[in-house]
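Working notes, structure below.
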Protein chains: 2
Amino acid sequence: MTVTIYDVAREANVSMATVSRVVNGNPNVKPATRKKVNDVIERLEYRPNAVARGLASKKTTSVGVILPDVSENFYSELARGIEDIATMYRYHIILSNSDQRPEKELQLIETMYGKQVDGIIFMSEHLTENVLTQMEKSPVPIVLAGTVDETNKLPSVNIDYYAAAYEAVNRLIQNGHTNIAFVGGSLSSTIIRGYLLAAYKKALQDASIDLKEDNIVETDASYEDGMEAYKQLQTLSHPPTAYFASNDEIAIGIIHGAQDTGKLVPNDIEVISFENSKLARMVRPELTSIALPLYDIGAVSMRLLTKFMSKETVEETNVHLPYRLEERDSLKK
Amino acid sequence: MTVTIYDVAREANVSMATVSRVVNGNPNVKPATRKKVNDVIERLEYRPNAVARGLASKKTTSVGVILPDVSENFYSELARGIEDIATMYRYHIILSNSDQRPEKELQLIETMYGKQVDGIIFMSEHLTENVLTQMEKSPVPIVLAGTVDETNKLPSVNIDYYAAAYEAVNRLIQNGHTNIAFVGGSLSSTIIRGYLLAAYKKALQDASIDLKEDNIVETDASYEDGMEAYKQLQTLSHPPTAYFASNDEIAIGIIHGAQDTGKLVPNDIEVISFENSKLARMVRPELTSIALPLYDIGAVSMRLLTKFMSKETVEETNVHLPYRLEERDSLKK
DNA sequence: TTGAAAGCGCTAACAT
DNA sequence: ATGTTAGCGCTTTCAA
């Protein structure tokens, strides 16, 4: 009942091979027969079966995308960048949420192999040993998006988180602060623990500011966590006068935590964030923030993957995109 | 080099059929041979090829998900609900963004057919004639998620938008307002034009309040649009004292628009929203809002689709999930 | 309980 | 420029 390439061939009085050629745009077909075949295709409403094609050609034109949670803005932004470039290169996306659980990540990678994807884009806050080795022996190319592999064995697209965080903290120091809090989403995140926190410490040290361990609070990444962290920090004998937040939600939580107790931002305390999602402009004061090019990270990752999939040689496999400091009102000018 | 079912059969001294049986959990296999086969599978690291399986069985265990834009919170929330249930039933998701463009929607549906998906979840602000007829003659089941087909020809999962909007506007009227603005994202949206606006008008009429066309502003759905709309409404001789916003971003825009000119919410103006995303608690005052169960709409849609795909009979094909009015602080109690 | 064999719908040599 | 043919790796009757 479904019409196959064979039906088209019969109706058009040509061979399957010829039909295949016109469907795939092979130039070695006489215009007349091409037209004849196309007419039949249209008449029969023939639609190539991508599964059969995949089996015969060993290419599925689909790529697996594994991320912690699509409903988080951070990842959905990346996903959109990935999808746009995928579409541009005629790939389709098989999307799965890992919830950041290593067993699930492992299993999803296996599933993607089973589905015969031509490549994989992988995102995770933290890469475990197992997952890493699993990916290193992958039968298809893999690119990490917004995800750090400290061994640099896998291709990846990121920004220079360390430099960005250093700049952020330093900006606070320039404004005269010596009592600066670090409020970071889960420290199991490689980026946060490995780069943001390290840069924070280094910036303080370079400015000869003593590190106060109490000024470092590890939370989850939500708004409530930011508020909570703010409250907690107010119990110190000398509460911080400046805050470095690892994402916008936390930053907004801090700001509201302060405002709810009558403090003014940026007059009483100053806050700098690390993300610059659209939330950044949806608070009063608007957030000064390191701007992460999430869409671009996704897009460039996918572009990189297309190169691997078509076996082009790529010069730089660990790409660092530029970031910038977006100056707004949660910091004095 | 890749190990196939044939390799396993040979190594285990059984036929391909037997291997296929154990892989698919067919009970008609002697435990001893099952064990023997499983051992070989493990030893050879055999992984079934889902593409070959799909070709032979005519089922791919993948479903197409077509939505306007994953990076919008509304849709990524739905997507998460869809994915969770899909995973539960061992389906995988092929995700595509339509950007709400009918030609692209049409083309994506075709692509999904080509990919031999077992079903489709479709989301769109507005269904064009073409897209609708295309879906009606679909070879696979389709479920609309958070998407209205006024002819009710396709299965769908929604809330009763009309009742919800009526309740929201009525809440404003109860608070004594007679000068109420309607600020809605693009009126090309079936939900907004067909239900929210209609309910707004009806609620006013039922309360014998004259409709002022100037109080209705059509914008896009963003924060800036909300601010813009607020400003525009202040140019009226009698600016509205209450605002019904079709989503949280617009509502926040309105609130900030007011606050930026020294107005107090809810004392000077009151605002009610329609979404209740996590943004709702991230503003001061927190938003009073109709709570849309987006995750659930996604989840139930997928569940419904699984029923269609396994040819179960379903009683209700146009499901309406409950909503509720979340009382917070942008409205007086 | 197990095996043999015929496809599923297409691509990709290889011929012509 | 076009046709023939052998798979791709699996499921699924049908037999035994």
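Source: prediction; values computed, not measured. Order of the sequence lines fixes the chain letters, A, B, ..., with proteins taken first and strands second; residue numbering starts at 1 for each chain.
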Checklist line | Under-4.0 Å salt bridge between A:Arg80 and A:Asp84 | finding: yes
Checklist line | Exercise: do A:Ser76 and B:Tyr75 side chains pair donor with acceptor under 3.5 Å | finding: no
Check: How does protein contact run along nucleotides 9-16 of chain C, one letter per nucleotide 5' to 3', with B for base contact, S for sugar-phosphate only, - for none, heavy atoms under 4.0 Å?
Finding: BBBB----
Next item on the list: Return yes if a side-chain donor-acceptor contact under 3.5 Å exists between A:Gln134 and A:Glu105, otherwise no.
Entry: no
Margin query: Tell me whether the count of non-hydrogen atoms from other residues, nucleotides or ligands lying under 6.0 Å of CD in B:Glu316 goes above 12.
Written below: yes
Next item on the list: Using the heavy-atom set of chain A and a strict 4.0 Å cut-off, write down the first and last nucleotide of DNA chain D that makes it in, 5' to 3'.
Entry: D:dA1 to D:dG9
Note to self: For A:Glu312, is the CD atom crowded, meaning more than 12 foreign heavy atoms sit under 6.0 Å from it?
What the structure shows: yes
Margin query: Under a 3.5 Å threshold, yes or no: a donor from one side chain and an acceptor from the other, between B:Ser124 and B:Gln100?
Written below: yes
Note to self: Regarding A:His126 and A:Ser189, do their side chains bring together a donor and an acceptor under 3.5 Å, going by distance alone?
What the structure shows: no
Next item on the list: Output, in order, the C-alpha distance, side-chain angles, deciding distance and verdict of salt bridge (charged side-chain N to carboxylate O under 4.0 Å, His left out) for B:Asp39 and B:Arg43.
Entry: CA-CA 6 Å; B:Asp39 287 350; B:Arg43 179 158 59 78; over 6 Å; no
Margin query: In whole Å, I'd like the distance from the CZ atom of B:Arg34 to the P atom of C:dT1.
Written below: 10 Å
Check: Within the structure shown, what part of the strands sits under 4.0 Å from A:Asp7 by heavy-atom distance: base, sugar-phosphate, or nothing?
Finding: nothing
